[in-house]
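In what follows, a single structure is set out as structure tokens and then discussed.
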There are 2 protein chains.
Amino acid sequence: MKKNCAHKHTEKKQELASLTGRLRREARKITGPRAAILEILRHHPHPLTNKEIFAELPKGECDLVTIYRAMQMLEKLGMVKRFDFGDGTARFELVGEGDDGHHHHLICTRCASVVEIEECFPEEIERRIARVNEFTGVTHRLEFFGLCPGCQK
Amino acid sequence: MKKNCAHKHTEKKQELASLTGRLRREARKITGPRAAILEILRHHPHPLTNKEIFAELPKGECDLVTIYRAMQMLEKLGMVKRFDFGDGTARFELVGEGDDGHHHHLICTRCASVVEIEECFPEEIERRIARVNEFTGVTHRLEFFGLCPGCQK
DNA sequence: ATTTTAATTGCAAATCATTTGCAACTGATT
DNA sequence: AATCAGTTGCAAATGATTTGCAATTAAAAT
Ligand SMILES: [Mn+2]
Ligand SMILES: [Mn+2]
Ligand SMILES: [Zn+2]
Ligand SMILES: [Zn+2]
């Protein structure tokens with residue numbers, strides 16, 4: 001019943017076949033650009049911007065716009081989770097099947113390095129916040145910021 | 001010594017004179033547009049977008065760009081706090097003198113109504129996150145989302 | 001009160017991330 | 001191989017925010 005941070009960072013990478021299977025089930029086509037994008041996401045442990053994905057792609061593999069569209073689609077299917085580090089650029093991370101991808105990060109404000117965080121906002125406090133204000137379906141967006149070891153001059 | 005959520009939502013509105021005083025001390029000019037902007041912020045309990053501030057301003061009082069510049073300046077002086085509700089538009093809230101403005105909100109995902117939240121991410125957990133990852137100066141950005149009473153069909 | 005000077009403003013144009021229109025193209029199915 | 005909806009590339013549109021610059025003005029100095 002816990003809905004928060006069920007995300008397991010220890011889970012092994014998903015097979016590409018499992019990913020394309022999910023697409024197929026949703027009546028989506030497995031195209032070159034999509035396979036390439038999934039392949040890149042599969043190999044990255046942290047959220048990537050569309051531009052970063054684009055840069056990793058073999059030149060000319062596909063248009064930036066195609067990546068924007070692919071991420072929209074993958075997000076709608078629940079295959080990727082969108083993160084907002086507050087810099088005006090969306091980042092995406094692959095989400096395991098059955099996982100809602102909810103989790104948080106610790107980001108260095110100098111070098112932008114990212115650490116995946118296991119902790120989550122305490123459920124009972126969130127439930128109280130929801131109850132007190134009579135809100136339903138309450139969730140949260142949370143990211144940590146600080147100076148990483150290497151950037152502490 | 002607690003740095004989190006020292007913000008008091010129960011504090012009374014700041015006097016305009018106190019606000020302009022802070023500007024003057026920083027060698028900033030008190031102009032019509034700035035006084036008008038501060039006056040609007042003073043009367044709003046929740047974060048406002050630049051466009052919302054612009055809309056509240058008597059027509060022709062000042063240009064939208066002037067508001068963008070004013071908010072940048074006020075943020076640098078620590079007189080306003082910038083919030084990110086994840087919709088790609090910055091929001092600003094006036095911050096009391098000596099207060100860093102750190103706090104959170106509960107936002108209705110249907111009607112966008114906002115509730116000021118007193119709770120904060122537990123300090124001891126944040127400290128552990130910082131220690132374990134050897135980060136310093138760790139802080140967080142946190143907002144809650146859900147359906148407000150009126151929007152629960 | 002007038003001058004001086006640096007800060008401020010308006011307006012146009014530039015940036016940046018993201019979205020949209022549309023015709024050409026292609027993966028999956030028959 | 002024919003079919004057809006889903007995809008893609010490219011150009012253009014959007015929307016928030018920033019920047020360049022000349023004209024304006026608040027506040028300090030005469
Ligand atoms: Mn992550
Ligand atoms: Mn607030
Ligand atoms: Zn969480
Ligand atoms: Zn907090």
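Any value given below was found using the heavy atoms of this structure, including those in side chains, with hydrogens, waters and symmetry copies removed.
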State whether B:Lys29 places a side-chain N or O below 4.0 Å from either non-bridging phosphate oxygen (OP1 or OP2) of D:dT25. no
A:Asp63 or B:Gly32, whichever maps to the more 5' nucleotide of DNA chain D: A:Asp63
For D:dT25 and B:Thr31 - does any side-chain N or O of the residue sit under 4.0 Å from the phosphate oxygens OP1/OP2? no
Which whole-number value in Å describes the distance from A:Ile30 CD1 to D:dG6 C1'? 12 Å
To the nearest Å, how far apart are A:Glu75 CD and C:dT19 C1'? 14 Å
Nucleotide of D:dT17, C:dA28, D:dC10 approaching A:Val65 most closely (side-chain heavy atoms): D:dC10
Go through A:His102 and A:His140 one step at a time and tell me if the ring pair (Phe, Tyr, Trp, His ring centres under 6.0 Å) criterion holds. CA-CA 9 Å; A:His102 177 90; A:His140 58 266; 4.5 Å; yes
Do B:Glu124 and B:Arg128 meet the salt-bridge criterion of a basic N to acidic O distance under 4.0 Å? no
Counting only side-chain N and O atoms of A:Tyr68, is one of them less than 4.0 Å from OP1 or OP2 of C:dT18? yes
Ring-ring centroid check B:Phe144 B:His105, cutoff 6.0 Å: no
Gap between atoms CZ and P, on A:Arg25 and C:dA28 respectively (whole Å): 15 Å
Looking only at side chains, do A:Glu119 and A:His104 share a donor and an acceptor under 3.5 Å apart? no
Looking for any heavy atom pair under 4.0 Å, which part of the strands does B:Arg28 touch: base, sugar-phosphate only, or nothing? sugar-phosphate
Rounded to whole Å, the CG-P distance (B:Leu23 to D:dT25) equals 19 Å
Hey, are A:Arg25 and A:Glu97 close enough for a salt bridge, meaning a charged N less than 4.0 Å from a carboxylate O? yes
Can you check the B:Leu64 CG to C:dC11 P distance for me, whole Å? 12 Å
Does A:Arg69 put a side-chain nitrogen or oxygen below 4.0 Å from OP1 or OP2 of C:dT19? no
Rounded to the nearest Å, what distance is computed from the CZ atom of residue B:Phe54 to the P atom of nucleotide C:dC11? 10 Å
Whole angstrom is fine here: how far is it from CZ in A:Arg24 over to C1' in C:dT29? 13 Å
Base, sugar-phosphate alone, or nothing: which one does A:Glu26 contact when heavy atoms must sit under 4.0 Å apart? nothing
Does D:dT17 have OP1 or OP2 under 4.0 Å away from a side-chain N or O of B:Gln72? no
Send over the distance from B:Arg91 CZ to D:dT17 C1', rounded to a whole Å. 15 Å
5' priority, DNA chain D, between A:Ala70 and B:Thr89 [closest heavy atom]: A:Ala70
